[in-house]
Amino acid sequence: MLRNTSSGYGAIAIVFHWTMAVLILALVGLGLYMTGLEQTDPSLYPLYQLHKSLGLTALALAVLRLAWRVINPSPRLPQTMSRIERVAAHLGHAGLYALMLAIPLSGWLMVSASPWGIPTVIFNLFTVPHLPVPEALGDKAAAEAVLKGVHEILGWSLIVLVGLHVAAALKHHFISRDTVFKRMTSLKPATESR
Ligand code: HEM
Ligand code: HEM
């Protein structure tokens, strides 16, 4: 039951999904909260460090999750879904995976470009090196501004896509009444209820 089957998710995919869902929603909330604080707020520095630590944890988990997905294909979508619905579901999932990589990478690049050179100390334990920032983005201040904009736009794109994703999951459960929601919440083989 660790691996996916053709009709259901295995334990590893389910644990990855829900751990990362909680982590990413917490990161969005924390990101929006901390950027609304006054620059003089004493909690600003620890909250930014926490956001960076959780964000890089999400990046590491996203890489492991994608590797697991490559060697362990996802269950097939139910035949009751139209071709367009299936294409939309695949595109939506691909978009979520792309954002799970691109958002933390843009954040890491942003703090690497900052002229302040503030270190990223993961959970107060060890310092993560800065990434090389592409010269095409201009001097440090200009590159930081561009990457801040990119991180913010990607963050809002994630909020919209997750909103659609959750709406689709609820539609499957309450309107279509198929197995799509149940197979991400339970290891028991789900049966169609209509
Ligand atoms: C999946 C992972 C992540 C998510 C969902 C996320 C989300 C967000 C959101 C929604 C904001 C507030 C909007 C904004 O002004 O940009 C934000 C801000 C920020 N994030 Fe992230 N983030 C993630 C990972 C990271 C990582 C890995 C770093 C750095 C190592 C980082 C550094 C920052 C910084 C420095 C800000 C504040 C930008 C400012 O002062 O305007 N983030 N993040
Ligand atoms: C919090 C509410 C959420 C609910 C109710 C939910 C529900 C689901 C369900 C039911 C599936 C299975 C779809 C299928 O059988 O094909 C799924 C898959 C998926 N979810 Fe979520 N999800 C949530 C949050 C998130 C978040 C925050 C992310 C990431 C940003 C995410 C990313 C994904 C991805 C990438 C898949 C495809 C898994 C694969 O087959 O590789 N989900 N979700």
Trainee: Can you list the steps and then say if L56 with I122 is a side-chain contact (heavy atoms from CB on, under 4.5 Å)?
Mentor: CA-CA 8 Å; L56 288 175; I122 302 292; 3.6 Å; yes

Trainee: Please tell me whether I153 and L164 are part of a single hydrophobic cluster in this structure, the criterion being side-chain heavy atoms less than 4.5 Å apart.
Mentor: no

Trainee: Would you check, one step at a time, whether the test side-chain contact (heavy atoms from CB on, under 4.5 Å) holds for V128 with V121?
Mentor: CA-CA 6 Å; V128 167; V121 189; over 6 Å; no

Trainee: Look at the side chain of W18 and the backbone N and O of M184, then say whether any donor-acceptor pair between them is shorter than 3.5 Å.
Mentor: yes

Trainee: Nearest heavy-atom pair of L161 and G95: which atoms, and what distance?
Mentor: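 Between these two residues, the closest heavy atoms are CD2-C, 3.7 Å.
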
Trainee: Quick one: does L158's side chain get under 4.5 Å of L96's, heavy atoms only?
Mentor: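 Yes, close enough: below the 4.5 Å cut-off.
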
Trainee: Pairs in or reaching into residues 67-99: which pass ring-ring contact (aromatic ring centres under 6.0 Å, His included), with residues at least two apart or in two chains?
Mentor: H93-H165

Trainee: Can you name the one residue among H173, R183, H172 that meets side-chain hydrogen bond (donor to acceptor under 3.5 Å, both in side chains) with D178?
Mentor: H172

Trainee: Between the side chain of R86 and the main-chain N/O of M81, is any donor-acceptor distance below 3.5 Å?
Mentor: yes

Trainee: Any chance you could lay out the side-chain contact (heavy atoms from CB on, under 4.5 Å) test for I103 and I24, step after step, and finish with the verdict?
Mentor: CA-CA 10 Å; I103 297 180; I24 286 173; over 6 Å; no

Trainee: Do V111 and I118 have side chains that get closer than 4.5 Å, going by heavy atoms?
Mentor: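 Contact flag for V111/I118 side chains = no.
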
Trainee: Can you list every pair that meets side-chain hydrogen bond (donor to acceptor under 3.5 Å, both in side chains) and has a residue in residues 104-113, with sequence neighbours left out?
Mentor: S106-H151

Trainee: Is there side-chain contact between P75 and T5, with at least one heavy-atom pair below 4.5 Å?
Mentor: no

Trainee: Checking side-chain hydrogen bond (donor to acceptor under 3.5 Å, both in side chains) for the pair S176/K171: CA distance, chi angles, key distance, verdict?
Mentor: CA-CA 6 Å; S176 312; K171 187 232 169 220; 3.0 Å; yes

Trainee: Enumerate the residue pairs fulfilling side-chain hydrogen bond (donor to acceptor under 3.5 Å, both in side chains) with a member in residues 41-51, sequence neighbours excluded, ordered by first and then second residue.
Mentor: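 Qualifying pairs, neighbours excluded: D41-S43, Y45-Q49.
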
Trainee: Got more than 12 heavy atoms from elsewhere within 6.0 Å of CD1, I71?
Mentor: yes

Trainee: CZ/F123 to OG1/T57 distance, rounded to the nearest 0.5 angstrom?
Mentor: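 Going from the CZ atom of F123 to the OG1 atom of T57 covers 3.5 Å.
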
Trainee: Side chain of S82, backbone of E85: donor and acceptor closer than 3.5 Å?
Mentor: yes

Trainee: Any side-chain heavy atom of V160 sitting closer than 4.5 Å to one from S157?
Mentor: no

Trainee: Nearest 0.5 Å please: distance from the CE atom of M100 over to the CG atom of L61.
Mentor: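 Separation between the atoms: 10.0 Å.
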
Trainee: Is there a side-chain contact between L147 and E152 in this structure, where contact means two heavy atoms from C-beta onward sitting under 4.5 Å apart?
Mentor: no

Trainee: Is the number of heavy atoms from other residues, nucleotides or ligands within 6.0 Å of CZ (R76) greater than 12?
Mentor: no

Trainee: For a side-chain contact (heavy atoms from CB on, under 4.5 Å) check, start with the C-alpha distance between I159 and W156, then their side-chain angles and the critical distance, and finish with the verdict.
Mentor: CA-CA 5 Å; I159 292 170; W156 282 107; 3.6 Å; yes

Trainee: Output, in order, the C-alpha distance, side-chain angles, deciding distance and verdict of side-chain hydrogen bond (donor to acceptor under 3.5 Å, both in side chains) for S74 and R69.
Mentor: CA-CA 7 Å; S74 294; R69 195 188 191 289; 3.2 Å; yes

Trainee: Is there side-chain contact between L187 and Y9, with at least one heavy-atom pair below 4.5 Å?
Mentor: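 L187 does not reach Y9 side chain to side chain.
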
Trainee: Can you tell me how far apart CG (L50) and CG (L54) are? Round to the nearest 0.5 Å.
Mentor: 4.5 Å

Trainee: What closest approach, in Å, do L27 and A58 show between heavy atoms, and which atom pair accounts for it?
Mentor: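 Between these two residues, the closest heavy atoms are CD1-CB, 3.9 Å.
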
Trainee: Would a 4.5 Å heavy-atom cut-off, applied to side chains only, mark I12 and N4 as touching?
Mentor: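 No, their side chains stay 4.5 Å or more apart.
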
